[in-house]
Amino acid sequence: MLILHQSNRVENLFGQLALLTETPLAEVLMPEIIVVQSQGMARWLSLELARSQGVCANFDFPFPAAFIWRLLEQAYPLRGPSLYEPEIMRW
């Protein structure tokens, strides 16, 4: 499920995220997905989650473009290798 929270204070957003992630997902091995804008934000979130909950494990922090590509690949599976794979695009 996609949940969108908006605020002009990152502390308020983190408080909401901490409340949401306290309850475990239905599937134990499924990672919690949090879309972030930068690696710095992903690092800060993982450190704050570890500080508030004791541990930060099984979280995935994709960028928006990577998250959208994942959704598209699930909805419309590609046949054959992607033309944009690093092995294909190498010289």
Practice task
Count the heavy atoms belonging to other residues, nucleotides or ligands that lie under 6.0 Å from CD of Glu22, then report whether that count exceeds 12.
Solution key: yes
Problem - Over 12 foreign heavy atoms within 6.0 Å of CD, Glu87 - result: yes
Just how far is it from atom [atom1] of [X] to atom [atom2] of [Y], taken to the nearest 0.5 Å?
X	Y	atom1	atom2	value
Cys56	Arg51	SG	CZ	12.5 Å
Leu45	Ile34	CG	CD1	6.0 Å
Glu11	Gln16	CD	CD	13.0 Å

How about [X] and [Y]: do any of their side-chain heavy atoms sit closer than 4.5 Å?
X	Y	value
Glu32	Leu25	yes
Pro31	Phe59	no
His5	Leu20	yes
Trp69	Pro62	no
Val36	Ser38	no
Val10	Trp44	yes
Thr21	Gln53	yes
Gln39	Phe63	yes

Problem - Residues Arg70, Glu73: salt bridge by 4.0 Å N-O rule - result: no
Exercise for the section: Given side-chain contact (heavy atoms from CB on, under 4.5 Å), test Val35 with Phe61 step by step and report yes or no. Expected result: CA-CA 5 Å; Val35 180; Phe61 298 100; over 6 Å; no
Practice task
Test Phe67 against every option in Asp60, Leu72, Ile33 by the side-chain contact (heavy atoms from CB on, under 4.5 Å) rule and name the one that passes.
Solution key: Ile33
